[in-house]
Amino acid sequence: MPLRVLADLPVSPTVTQLLAGNVQLIPWDTRDGKFDAIYTYGHPKVDAALMDQLAGIRVISNFGVGVDHIDVAAATARGIPVGNTPGILDGATADLAFSLILAAGRRIVEGDVYAKGPSFTHYDPSYMLGREVHHATLGIFGLGRIGEQVAQRARGFDMHVLYHNRNRRPEVEQRLGVKHVSRDELLATSDYVLLMLPLTNETRGMIGPAELRQMKPTAALINAARGAHVDTMALTEALSKKTIRMAALDVTDPEPLPRDHSLLKLDNVIITPHLGSATEETRRKMAEMSVENLLAGLAGKPLVNRVGA
Ligand code: 8YV
């Protein structure tokens with residue numbers, strides 16, 4: 001009998017190809033019969049109740065590094081290893097985060113729409129003035145693997161880089177010339193506030209009305225991590241009232257936003273549809289690593305990358 005893996009279908013053709021008929025992927029809403037594993041491609045919720053319903057599964061493999069949609073503690077308590085894909089997507093995600101910084105500073109998206117639209121009939125040097133990126137201050141919440149790569153890119157733009165982490169990283173401070181500051185100082189002094197940290201109970205809702213009020217009126221909020229770090233209504237209000245200048249978001253809460261959400265009507269927000277790691281090269285590596293994790297777990301072998309190991 002083929003191994004049965006619950007998966008939020010459709011997965012990419014690359015994943016299907018790599019599985020090469022070794023396992024049968026079963027649609028997410030199916031719950032009958034015996035299951036051997038769970039494969040999460042988007043971010044379907046995997047909680048203790050699901051694990052108990054599918055008793056006997058040997059592994060949960062996630063396509064991606066963030067596992068906030070999976071109750072890892074519940075999996076560990078049940079002896080189920082959870083696999084993810086760290087490391088391989090850092091460069092792509094840092095590229096995307098940096099492109100959001102540039103787009104927010106230099107009004108790239110708005111400029112594109114204008115240049116292609118009916119109103120652009122006359123060049124005017126006084127329109128669409130942006131804010132500089134070079135020599136500006138970038139404040140990174142979450143100087144992990146990806147945050148560090150953003151800091152490295154920021155050096156090439158002569159930016160002053162501040163960061164706030166639970167744990168300081170003296171080696172990175174020295175190597176990249178970044179400065180550890182308090183949460184309050186980061187918010188109050190940064191021209192670009194970048195969220196680049198995992199979603200946990202501590203970080204959920206970390207940017208609310210009070211934090212937005214602490215930011216400079218000229219500042220931009222950049223989120224390339226998880227939408228739920230930010231209170232969406234508070235951000236919508238801050239952008240409408242222009243208490244901050246701009247937001248550039250690769251993630252939202254909820255994701256996607258309802259199509260009639262008021263945030264979508266504002267012209268001082270840029271939203272990309274969770275493209276952080278979406279390059280051909282990185283997606284291929286993510287497919288390979290997540291499939292390796294899945295097959296290892298099914299075979300009762302150690303995962304290539306096990307969360308919390
Ligand atoms: C993925 C991500 O696109 O790795 C993550 O945590 O958010 C993204 O890189 C996503 O997980 C795929 O669903």
Side-chain angles (χ1 to χ4, degrees), residues 5-19 25 27-28 37-47 50 59-72 75 81-100 140-150 153 194-204 206 222-230 232 248-257 271-294 303-309:
V5 176
L6 188 75
D8 54 318
L9 301 173
V11 297
S12 73
T14 318
V15 171
T16 319
Q17 242 170 37
L18 289 168
L19 287 170
L25 294 177
W28 195 256
I38 298 178
Y39 183 76
T40 48
Y41 188 63
H43 298 141
K45 197 171 145 107
V46 180
D47 56 14
L50 179 63
V59 59
I60 300 168
S61 175
N62 183 54
F63 179 90
V65 65
V67 287
D68 46 281
H69 52 295
I70 301 171
D71 187 340
V72 178
V82 177
N84 69 342
T85 67
I88 51 177
L89 46 72
D90 304 345
T93 310
D95 284 350
L96 192 276
F98 210 82
S99 62
L100 289 180
I140 305 177
F141 277 113
L143 193 78
R145 280 184 306 251
I146 302 172
E148 188 183 322
Q149 289 218 17
V150 178
R153 284 152 180 69
L194 170 66
L195 308 181
M196 210 60 269
L197 64 188
L199 181 65
T200 62
N201 288 340
E202 290 79 52
T203 62
R204 187 178 293 277
M206 60 179 278
I222 317 290
N223 190 0
R226 284 291 182 268
H229 288 312
V230 180
T232 306
L249 314 169
D250 188 42
V251 286
T252 58
D253 178 38
E255 188 171 281
L257 288 166
I271 306 178
T272 49
H274 203 138
L275 295 181
S277 57
T279 64
E280 289 174 19
E281 300 91 328
T282 294
R283 284 283 188 257
R284 169 94 209 164
K285 290 182 204 152
M286 291 165 75
E288 286 168 356
M289 196 178 277
S290 60
V291 166
E292 277 179 57
N293 279 333
L294 178 69
L303 308 194
V304 189
N305 272 292
R306 182 175 173 174
V307 179

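Ligands are counted one by one from 1 in listed order, and the atoms in each one are counted from 1 as well. Values in this document were obtained by computation on a predicted structure and should not be read as measured data.
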Point to revise | Test item: N293 side-chain N/O and V304 main-chain N/O as donor-acceptor pair under 3.5 Å | key: yes
Distances only, to 0.1 Å: what are the N or O pairs between ligand 1 and the protein that fall under 3.5 Å?
from: ligand 1; atom 1: 3 (O); to: S277; atom 2: OG; distance (Å): 3.2
from: ligand 1; atom 1: 3 (O); to: R283; atom 2: NH1; distance (Å): 3.2
from: ligand 1; atom 1: 3 (O); to: R283; atom 2: NH2; distance (Å): 3.3
from: ligand 1; atom 1: 4 (O); to: V65; atom 2: N; distance (Å): 2.7
from: ligand 1; atom 1: 6 (O); to: G66; atom 2: N; distance (Å): 2.8
from: ligand 1; atom 1: 6 (O); to: R226; atom 2: NH2; distance (Å): 2.8
from: ligand 1; atom 1: 7 (O); to: R226; atom 2: NH1; distance (Å): 2.8
from: ligand 1; atom 1: 7 (O); to: R226; atom 2: NH2; distance (Å): 3.2
from: ligand 1; atom 1: 7 (O); to: H274; atom 2: NE2; distance (Å): 2.7
from: ligand 1; atom 1: 9 (O); to: S277; atom 2: OG; distance (Å): 2.5
from: ligand 1; atom 1: 11 (O); to: H43; atom 2: NE2; distance (Å): 2.9
from: ligand 1; atom 1: 11 (O); to: F63; atom 2: O; distance (Å): 3.3
from: ligand 1; atom 1: 13 (O); to: Y41; atom 2: O; distance (Å): 2.7
from: ligand 1; atom 1: 13 (O); to: H43; atom 2: NE2; distance (Å): 3.4

Point to revise | Any residue meeting side chain to side chain donor-acceptor pair (under 3.5 Å) with Q149, in chain and number order, not counting sequence neighbours | key: R153
Review point. Taking only residues two or more places apart in sequence, or in another chain, which ones meet A228 in a side chain to side chain contact (heavy atoms under 4.5 Å, CB included)?
Key: L199, R204, D253
Point to revise | Heavy-atom donor-acceptor pair, T272 side chain to H274 backbone, under 3.5 Å | key: no
**Study point:** Test side-chain hydrogen bond (donor to acceptor under 3.5 Å, both in side chains) applied to D68 and H43, step by step
**Key:** CA-CA 9 Å; D68 46 281; H43 298 141; over 6 Å; no
Point to revise | side chain to side chain donor-acceptor pair (under 3.5 Å) partners of S277, counting only residues at least two apart | key: R283
